[in-house]
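What follows is a set of notes on a single structure, which appears directly below.
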Amino acid sequence: MHQNVIRSIAASAALMLAPAAFADAGLATGNLAPQETGTGGVATIEVDGVVRADRLAYKNFGNAFRVRAGAVVARARDGAGRELVTRTLTLEDGRDYVLLLTGNGQAAPYRLQLSIDHNYPIHHDEFTDQDIHAAPITSSTGLRRFNTRASCGGGRVDVGSFEYGDGTLDNGRSYVQLRRGLAGNGEDQQCLFRLSDPATNAPVAETMFQPETGVRYRFFAIGDGVRQPLEAFVWLQKREPTVATVEASPGVEGLWLDPFNPGTGVAIAYDPDAPLQNRVNAILYGFDESGRATWNLVASETGLTRGVALFEYAGGSPQGTRGTVRYRLSSGATLEFHSCSEATLKLRQQSEPLFPSGTAFGQLEPPRDAIRLVRILPPGTVCTSAS
Amino acid sequence: MITKNLVLAALLGASLPAAAIDVAIGNLSPATLEREPIAVFVDGERVERNLMYRRFMRVDLAEGRHTVSFIAPANILTNPPLVTREVTVTARNATTPVVVLAGNGATQPFSIEYYDGLTQPGTANQRPTATLHHLAPFERAETAERGLVAGFSCRNNARDGNTESRDIVYRGEVVFDPGAFARLVCSASFVAAGVGGIELGTLVLPSNGTLRAFLIGDAVNAPFEIVALTVTEVQALSGGGALNPSAIIRSPTFWFDPDRPTEGVNLFEATTSNETFGTWYTFAADGHPLWYALTGGVGTSFGRREFTVFEPRRGSAIMPLSLAGSAVLQYSDCNTAELRVVIGGSDLRTLRLKRSRPVEVCIALDRGD
């Protein structure tokens, strides 16, 4: 979309620094609240006074829609029209969310909770899932925790610890799993999503499903064990276009930006005379978590299996002499090109602080910690070398 | 007869100097990057004025006990040594003794490590061996929970050779047997499970000595790297990043001043208009890395560009950029130019720029202005 906007090179500064041209956010709704049986279990969800999901049954989801970004008032009513909960939520420009009615009014109050969509690219043989714990089951120590386990065919097994509210913005960070949906022989492999007891690791609920590639899934723990049974529930949220990976070429050289984070991006240098694994190096420009402009060096490293490394500098002088410049390795990362106009920068270590303090992307957090880049200079999308 | 010979040898030894042994001394302490010069003293005598980080030197020392000290910075003679250690120099298993300064004085204390071939196999004088050392002084590096695995793999054209990997902790070493095969080419690696690692390839084994590969760096003072040492010479370095962007970034759009290698300018000339856009990566007065956006176009003379300089800020403002100053760029030719920037009306900075990857023709001088 940005290629059409580029008319002149002078526009680049504005393009680099101006807020992205979004004014709305995407919202889908879901009813995961086990209500008392007399209400029919359905819920009506309003946003800014407009009914967006009418009499949504338990375990059902409404169609996605767009609303203005900023503060919105969301309200949920039961089947008899009684208000269950009202909450003011802040939606950011250009983001997509799922708005969930959770709780049972007993072990956990009814709540409207937001879960933000991840921004990871999905390859043609992959699907993704984001896990959400919305099962208000009491235990002797409060709301019950689970261990999760997800595996597909003979592939990777992901195991995690799961607290009530995990996966929603109320519980801070959430994590995204990227899985390959096809086995090596090309046959589809069934996937298992299992909840187990943290003390005994005994399975308490599980579901098998046939995954599709190019799909975003949401994995839920739902039910309160009284009105609704505990379930490991899988929702196919949406299908979306997949991305490819291309080798870096001279055409990747230039100025790239993250349209969702104005003023942040990379300036890429491609050196055809360097060894193959060292040809792409770059400067990250952006802002640290305090909002101050800063930059980092992105260097490909000989023999490093993790792709590129982010270096943080400090102590330089305005005169630019070497002086007491210090630098440190902030993080490993991958820089993946999908074409000569689209790329993704992503850190590898999900268990560590993803964008460490002091880096030009210090403000990003999962599940939107992938930096989706578009090239703005030189203009155009073809793989021609910068001049 | 044997006793007689021993007595004779002892007598000769008492009257002649002990045999000199070639010893390698290295500085693998990343904390010394900012403490140069690093002086090396042996038995109270300075043998090196400045042994920089990742460098090795060789000295001939008599067999027997010696006291080794590292002093930093050595231009302040009253400074106490970073660390001192007594080592017993001897020749074992055809291995060159190696003395190394390690640690960073923060997450791991400074230390002097000494390797004299004691851990090498007794056959080392007939065939090469390889030893991997973990001297990367990051926090809790000495604990096995960090899960660092040292690996060594050798192959020749006939696909002969050994591959091994074993756990390693800080100050630990792992001795590998590459195999008694001809023309082996090897690689050394250090891998943290689930995180990634560093590998250094195309290592040539000495014919009958020890190749040592050291994992160094602490990710604070210096990046993680592998240094490979053959006898007393550094054979290879994994190149975990250079200090200056100008040493790494090569592109027709990136320009650097050789006298100011830690900052750079990214320039784009429009092909269909007279406009030019740039970003200047530099530092603020407090040392913070800072970048400016430069927008402008052709000036009043050939090869001249005039810019407005903006400082970006992320905040609540609708347009997060503020006017910071002005700049003039004067091309001398396609690959050299001078940039004069005035920030805040008085802070003049001049950069004598060179294009990091030269071109033969360029839009800048093609335009005719």
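In what follows, every chain begins at residue 1, and chains take the letters A, B, ... in the order their sequences are listed.
Only the backbone of A:Ala282 comes within contact range of chain B, judged by heavy atoms closer than 4.5 Å.
Evaluation of the side chain to side chain contact (heavy atoms under 4.5 Å, CB included) rule for B:Ala327 yields B:Leu294, B:Phe307, B:Val309, B:Leu339, B:Val341 as partners, not counting sequence neighbours. Judged as a side-chain hydrogen bond (donor to acceptor under 3.5 Å, both in side chains), and not counting sequence neighbours, the contacts of A:Glu336 are A:His123, A:Thr245.
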Inset, instruction - Test B:Asn266 against A:Leu255 for side-chain contact (heavy atoms from CB on, under 4.5 Å), laying out the working first. - result: CA-CA 9 Å; B:Asn266 197 201; A:Leu255 189 66; 4.0 Å; yes
Legend entry - side-chain contact (heavy atoms from CB on, under 4.5 Å) between B:His288 and A:Asp288, intermediate numbers included: CA-CA 11 Å; B:His288 181 86; A:Asp288 65 17; 3.4 Å; yes
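Interatomic distance, A:Ile268 CD1 to B:Phe254 CZ, rounded to the nearest 0.5 Å: 9.0 Å. One distance of note links CD of A:Glu253 with CZ of B:Arg357; it measures 5.5 Å at 0.5 Å rounding.
In plain terms, the two heavy atoms of A:Ala269 and B:Ile249 that are nearest each other are CB-CG2, 3.5 Å. Contact record, B:Trp291 with A:Gly263: CZ2-O, 3.3 Å, taken as the closest heavy-atom pair.
Within the 4.5 Å cutoff, no side-chain heavy atoms of A:Tyr270 are placed close to those of B:Ser251.
Between B:Tyr281 and A:Tyr285, the ring planes lie tilted relative to each other; the angle falls in the 30° to 60° range.
At least one donor-acceptor pair closer than 3.5 Å links the side chain of A:Trp295 to the backbone N or O of B:Leu290.
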